[in-house]
Every structure is written in structure tokens, then in C-alpha cells.
Amino acid sequence: MIRKYRNGILFCLLATLLLAVGCGQSSQVDTEITPGGEKDEISTQEVAESLTDEDAKLYIVAGNDTAQGMMTFYNISTGCQEQYAYTDGTFFRDKYGDMEPVSSFLPGMVVTLSCRERSIILDQVQLSSEAWLYEDVQEFELDPEKHIMEIAGEKYSYDGGLKVYSGEESVTLQALTAGDILRVQGVGRKLLSVSVTTGQGVLALSNTGVFEGGWLSLNHNRYYRITANMKLDLPEGDYELTVANDGYGDTTDITISRDEETVVDLDTLKGEGPKYCNLTFAVGDLEASVYVDGQEVAANEPVSIKYGIHRVEIDAEGYDVWSKRLYVNSAEATIEVALEEEQPEEEATETVEESTETNQADTAVTDALQEIIDTLKESKTSESSLTDSYLSNLSDVVDALTGN
């Protein structure tokens, strides 16, 4: 029974080998017709080759939750979304290696990333040096049937993996309009991301003294550490602006207009202070320890927390530690915490067993290949050049599998 199984493996491997030896490589070319009748040839091989092995590690920023310290990425090589955490120790860099604020990593930006060993905590996020970037693109044409975008007279292809964003929202390519201003990134002749930036204005902060080192929030989803008389480039639109630091803070509505500077005097948001929030950490029936800035506080009961940014950790036996940065800027609030159970340690053992089974399967294949080689050697004649060719190819496969 085992011998029949091996012969079946050998037959499949031998047939595959013959097909590989007998097939040549071909380069397909898609011929695109422009509205003017001229042909523009885009080699699919050229596009594929532009995504090198290093580029296979590229990611596209899909979301940046600065309140929770979480970033979401689209993995270009797998086509899947992945989420990672970051801390004050995570490095954010431009493509030249210089430091950048985390808030500048917007949806659509093409990056590389690395994590701390055996964790989902980001060690570094860097703008890709391999991807080109076109900013303030106003002249573009789309050909959805041929999957072509023309930018300033140059044609670029795209596929189903193209990511399109308007501000921080994912949209379809059909949502683009002639009046949009775009940020476009890609590799070679292939588009990877398109972001609608439209117009931009400037937010300028004055009288920042009390709030320096604190945090500014826009629409409760974009957060910035406040520095002296800071300025921010922002997409035009309406925002709810909140500031908080060391017990002081308030909220106001602002409008950012294209190519204009909007000034906000933070003295008008200081108010009387310090202010405190009656904050409750709801953990249910769990016997959990709650720590705010390293100091233990009661769970499931209101505690007085000063306005500003605080580090919160919640620990319960049998559960992963819950750790977040919390932006406090209201008179009272309840945080419902859902802890995740720790993963069982048996997973590591299962991985080892799977690896062992794989090695046994590899050994069975190499033994079977060697058996057919020996059989062919015994039966071949001096005039059988075809058999010599098969023997040579099969021997190369055995050497590759065994590492010889």
C-alpha cells in the first residue's frame, strides 16, 4: 500500500518536471487604446517585476487611531488588513530616516514596518523609499474598463488591490470627481493608493502655555501633542476641537478653509481649573486591578481623574493586560472594559508537531525520488539521452530537497 502511494507521488512529480522542462517563458503585453486612437503598451511583466521581493513587504496605512495607539494596515502581498499597537517607544520616520510625528501617517501612505519580537507592538514605521509619491495631483483621467489612470500624460495600471481614501474614509474609485486634488503612490507603473486631499488650510494655536505638553483632539479621532504656538496643515472642513492638560481644557467648533489660516486662542479654552472627571472603569464581576499612571484605583466605582492624557492598565488573572492611553476631557464617563483571555501555551507544541510531520513527508518524497532514479539507472541504455536528461533533472530535485 505504501509503495502504491509513493508511485503516485513519483508520477505527479515526474509529470510536473516534464512540463517545467518543456515550457518556455513568455511575456504577455496588454495593448491599451487611448481615446485619441494611439496605442500605449503596458507590459504585465514590467509591472510584476517592479514589485520586488523587498516591495512585497510594503503596507498601506488604512487607519490611525491615535487615541488608542492602534494602526491598521493593508498588507500588499497578502491582500489582508492587519492591526498593530504602538507606544511612545515606536519610531516613525520619513523615507530618509528622519523622525516624523505619528499623526502625519495618513491613510493611503505606503510604508514598511517592523514589530518587537513575538508581539503586535510596532517597533518602527517608515515611509517607503521604494514607492514614488505624487502630491497635489489635479490633472488625471480614469479608464475603469482598462484599469488605467493617466496622470500628467503618463499612464499607470491598477488592480483590485488599489486602495482609495477620502480623508480617513475608504471610498471607491468611482467616487473621484474632476475637482478633486489627489495624493497618489505606487511602484513602477503600478498604482498602490489614491488619497483625496482636496484643499488644505492651516490651524494655528496661540497662547499655548498652559496646554503645552498636553493634547489636542479633532473630532475625537485625531490627536496631537501641543507644542508652543504650533501649526497644523489640515484638510478643509468642519472640526470639533478639544484641548486638555493638567486639569484644564474645553471644546470648540472650528472651520478650516482652503489656503487660509484659522487661529485658535487657547486662553479662551482654559476655563477655571483644575477640572476633574468622575470616571468609572467597568470590568464586571472580574477581580481586576486598575492602575492610572501607575497608581491603583477602584474598579466599578467612580474615581476622580484630572483632565488630560493618562496611562491606564487593567490586570486580571487569566487575562491579557489591558493597556491604553486615555484622553480625559469630560465631567463624567464610564469605560467598559472587555479583557481577552490568555492564549493556551499548547500552541507552541502543536507548531513543533506540524513541523515534524512536514519533515517526514519531505523524507518520503526524497526517498521515492531516489528510488525511481535508481530504477532508471538500472534500465537505461547507452543510447537513451532522454533518460539521461530525466535522471539529471530528478537528481537536481533530490539535491535541492536534501540540501546537497
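Residue indices begin at 1 and follow the sequence shown. Atom set for the values below is all heavy atoms of this structure, side chains included, hydrogens, waters and symmetry mates excluded.
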Under 6.0 Å between ring centres, would you say that holds for W132 and Y156?
yes

Is there a side chain to side chain contact (heavy atoms under 4.5 Å, CB included) between V137 and I181? Walk through the geometry before answering.
CA-CA 5 Å; V137 174; I181 300 175; over 6 Å; no

Check whether K275 reaches the backbone of G249 with its side chain - one donor and one acceptor, N or O, closer than 3.5 Å.
yes

How about E317 and E287: do any of their side-chain heavy atoms sit closer than 4.5 Å?
no

With rounding to the nearest 0.5 angstrom, report the OG to CG distance, S289 to D315.
6.0 Å

Would you say that H310 contacts V328 through its side chain, given a criterion of any heavy-atom pair below 4.5 Å between the two side chains?
yes

Give the minimum heavy-atom separation between S193 and V110, together with the two atoms involved.
OG-CG2, 4.2 Å

Any side-chain heavy atom of L216 within less than 4.5 Å of one from Y223?
no

Return yes if some donor-acceptor pair links the side-chain N/O of N219 with the main-chain N/O of Y239 below 3.5 Å, else return no.
no

Kindly say whether the aromatic ring centers of Y59 and Y74 come within a distance under 6.0 Å.
no

Apply salt bridge (Lys or Arg N to Asp or Glu O under 4.0 Å) to D180 and list each qualifying residue two or more places apart in sequence or on a separate chain.
none

Minimum side-chain heavy-atom gap I60-I76 below 4.5 Å:
yes

Taking the side chain from S128 and the backbone from A131, do they hold a donor-acceptor pair closer than 3.5 Å?
yes

Report the distance from atom CG of L218 to atom CD1 of I254, rounding to the nearest 0.5 Å.
6.0 Å

In this structure, are over 12 heavy atoms from other groups packed under 6.0 Å from F140 atom CZ?
yes

Over all heavy atoms of both residues, which pair between A333 and C277 is shortest? Give the atoms and the distance, please.
N-SG, 3.9 Å

Tell me yes or no: between the side chains of T242 and S217, is some donor less than 3.5 Å from an acceptor?
no

Just how far is it from atom CG of D136 to atom OG1 of T197, taken to the nearest 0.5 Å?
6.0 Å

Just by distance, do the side chain of N300 and the backbone of G284 share a donor-acceptor pair under 3.5 Å?
yes

Would a 4.5 Å heavy-atom cut-off, applied to side chains only, mark L58 and T112 as touching?
yes

Main chain of M149, side chain of D143: is a donor-acceptor contact present, judged purely on distance under 3.5 Å?
no

Nearest heavy-atom contact between I148 and S157 is CD1-CA, 4.0 Å

Pair Q126, V111 - check side chain to side chain contact (heavy atoms under 4.5 Å, CB included), show working.
CA-CA 5 Å; Q126 182 168 0; V111 301; over 6 Å; no

Note: N329 and H220 closest approach over all heavy atoms is ND2-CE1, 4.3 Å

Would you say N75 and E82 are linked by a side-chain donor-acceptor pair, where the criterion is simply a distance under 3.5 Å?
yes

State, with a plain yes or no, whether a side-chain heavy atom of L142 is found less than 4.5 Å away from one of L176.
yes

Nearest-0.5 Å distance, CD of residue Q185 to OG of residue S195:
7.5 Å

Is T280 reaching over with its side chain to a backbone N or O of T334, donor-acceptor style, under 3.5 angstrom?
no

Kindly determine whether V184 and L191 satisfy side chain to side chain contact (heavy atoms under 4.5 Å, CB included), including the steps that lead there.
CA-CA 8 Å; V184 184; L191 295 181; 3.5 Å; yes

Tightest non-hydrogen contact, residues G201 and I256, listed as CA-CG2, 3.6 Å

With side chains defined as the heavy atoms from C-beta onward, is the minimum distance between R183 and M109 less than 4.5 Å?
yes

CD (E169) with more than 12 external heavy atoms under 6.0 Å
no

Would Y165 and L106 count as a side chain to side chain contact (heavy atoms under 4.5 Å, CB included) here? Give the steps.
CA-CA 10 Å; Y165 300 93; L106 303 174; over 6 Å; no

Pairwise side chain to side chain donor-acceptor pair (under 3.5 Å) hits with a residue in residues 86-110, at least two apart
N64-Y86, T87-R116, D88-R325, R93-Q124, E100-S104

Using a strict cut-off of less than 4.0 Å between a Lys/Arg side-chain nitrogen and an Asp/Glu carboxylate oxygen, indicate whether K190 and D159 qualify as a salt bridge.
yes

Using the ring-ring contact (aromatic ring centres under 6.0 Å, His included) rule, take Y248 and Y307 through it: C-alpha gap first, then chi angles, then the decisive distance, then the call.
CA-CA 6 Å; Y248 294 88; Y307 275 31; 9.3 Å; no

Sequence neighbours left out, cut at 3.5 Å: what donor-acceptor pairs do the side chains of residues 229-238 make with other protein atoms?
from	atom 1	to	atom 2	distance (Å)
K231	NZ	E261	OE1	3.2
E236	OE2	G199	N	3.1
E236	OE2	R258	NE	3.2
E236	OE2	R258	NH2	2.8
D238	OD1	T255	OG1	2.8

I'd like to know if the side chain of S304 and the backbone of Y276 have a donor-acceptor N/O pair within less than 3.5 Å.
no

Pair F105 + F92: ring centers closer than 6.0 Å:
yes

Just verifying a value: how many Å separate L122 CG and M70 CE, rounded to the nearest 0.5 Å?
8.5 Å

Quick one, L339 and I314 - any side-chain contact, counting heavy atoms below 4.5 Å?
yes

So does Q174 have more than 12 non-hydrogen atoms from other groups sitting under 6.0 Å from CD?
yes

Residues L266 and F211: closest non-hydrogen pair is O-CE1, 3.4 Å

CG (L326) and CG (D293) are apart, to the nearest 0.5 Å, by 9.5 Å

